[in-house]
Amino acid sequence: MAQPDVRALEVRALSAVQRTVGPPAVVRVARGMSLFGEHAAGWLALGTVGALLDPARRREWLVATAGVAFAHGASIGVKRVVRRPRPDDPTVEIRVGVPSKLSFPSAHATSTTAAAVLFGALVGRPLVAVLVPPMALSRLVLGVHYPSDVVAGSLLGAAVAAGARRATRRRSR
């Protein structure tokens with residue numbers, strides 16, 4: 001029995017997402033999310049605002065923000081090692097500009113997951129379920145990532161966030 005072509009399966013899934021969840025209003029929102037998440041800038045800004053508005057926990061906000069920055073950097077490092085090109089198939093419409101031709105993992109999914117875990121702990125809210133799926137889906141709607149890119153990015157972001165939380169707890173003892 002022949003092995004399935006994983007890339008072809010991912011392209012089909014990506015095309016299906018674009019056909020199903022791709023009306024102009026959704027694409028506009030996805031582009032806004034892309035801009036917000038570019039180089040983790042939106043998350044870094046929110047972490048800085050948290051540090052400014054919550055002086056009693058300023059250090060925790062700054063450490064969490066540094067964790068988001070580290071997660072983004074880790075994603076870029078993995079991209080440069082793996083060197084997987086972005087989707088390039090006639091059935092996939094690229095709907096936003098990108099800073100590089102590299103796809104794996106999604107830096108947007110990585111930094112968003114790290115921010116959701118780390119900032120969620122600070123505000124006492126489970127932000128992962130609210131923030132991560134829309135950002136991950138936006139990367140598919142825009143046609144700039146394969147599904148495995150966003151899954152891997154989310155896993156990397158969660159791992160970095162977990163490491164940052166462990167390091168913070170050890171240091172505070």
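- Of all heavy-atom pairs between Ala13 and Pro147, the closest is CB-CG, 4.1 Å.
- By the 4.5 Å heavy-atom criterion applied to side chains, Leu118 and Trp43 are not counted as neighbours.
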Stepwise, does the side chain to side chain contact (heavy atoms under 4.5 Å, CB included) test hold for Leu140 with Tyr146? CA-CA 7 Å; Leu140 304 179; Tyr146 294 103; 5.9 Å; no
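- Residue Arg125 places its CZ atom among 12 or fewer non-hydrogen atoms of other residues, nucleotides or ligands, all under 6.0 Å distant.
- Between Leu14 atom CG and His145 atom NE2 the span is 10.5 Å, to the nearest 0.5 Å.
- In terms of hydrophobic clustering, with Ile, Leu, Val, Met, Phe, Trp and Tyr side chains grouped at heavy-atom distances under 4.5 Å, Leu122 and Leu44 are assigned to a common cluster.
- Between His108 and Glu38 there is a side-chain heavy-atom pair separated by less than 4.5 Å.
- Looking at Val92 and Ile94, their side chains come closer than 4.5 Å, going by heavy atoms from C-beta outward.
- When all heavy atoms of Ser34 and Val96 are compared, the pair lying nearest together is OG-CG2, 4.0 Å.
- Arg86 has its side chain out of reach of Leu102: every pair of non-hydrogen atoms, C-beta onward, lies at least 4.5 Å apart.
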If you apply the rule side chain to side chain contact (heavy atoms under 4.5 Å, CB included), what do you find for Arg58 with Asp54, and how did you get there? CA-CA 6 Å; Arg58 181 166 287 139; Asp54 188 0; over 6 Å; no
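- Across all non-hydrogen atoms, the minimal contact from Val160 to Ala74 is CG2-CB, 4.4 Å.
- Using a 4.5 Å cut-off between side-chain heavy atoms of Ile, Leu, Val, Met, Phe, Trp and Tyr, with links allowed through other members, Leu156 and Phe104 fall into the same hydrophobic cluster.
- Taken to the nearest 0.5 Å, the CZ atom of Arg95 stands 12.0 Å off from the CZ atom of Arg28.
- Inter-residue side-chain proximity for Arg165 and Val117 is flagged as met; some heavy-atom pair is nearer than 4.5 Å.
- The backbone N or O of Arg12 sits nowhere less than 3.5 Å from a side-chain atom of Ser15 that would complete a donor-acceptor pair.
- Considering only heavy atoms from C-beta on, Pro105 stays 4.5 Å or farther from Asp149 through its side chain.
- There is a path of hydrophobic side-chain contacts, each under 4.5 Å, that joins Val123 to Leu46.
- Thr113 approaches Ala109 most closely through the heavy-atom pair OG1-O, 2.8 Å.
- For the residue pair Ser148 and Arg84, a side-chain donor N or O sits within less than 3.5 Å of a side-chain acceptor on the partner.
- Between Val49 and Trp61, the closest side-chain pair of non-hydrogen atoms is not below 4.5 Å.
- Taken together through direct or relayed side-chain contacts under 4.5 Å among Ile, Leu, Val, Met, Phe, Trp and Tyr, Val144 and Leu137 form part of one hydrophobic cluster.
- Side-chain atoms of Arg7 and Val11, non-hydrogen and from C-beta on, do get closer than 4.5 Å to each other.
- Heavy-atom contacts from other residues, nucleotides or ligands closer than 6.0 Å to CZ of Phe70 number 12 or fewer.
- The same ILVMFWY cluster, assembled from side-chain heavy atoms under 4.5 Å apart, contains both Val17 and Val98.
- When atom types are taken as modelled, the side chain of Glu93 and the backbone of Leu142 share no donor-acceptor pair closer than 3.5 angstrom.
- Between Ser111 and Gly37, the closest heavy-atom pair is OG-O, 4.4 Å.
- Between the side chains of Ser100 and Arg80, not a single donor N or O lies within less than 3.5 Å of an accepting N or O.
- With hydrogens and angles disregarded, no donor-acceptor distance shorter than 3.5 Å links the side chain of Ser106 to the backbone of Val150.
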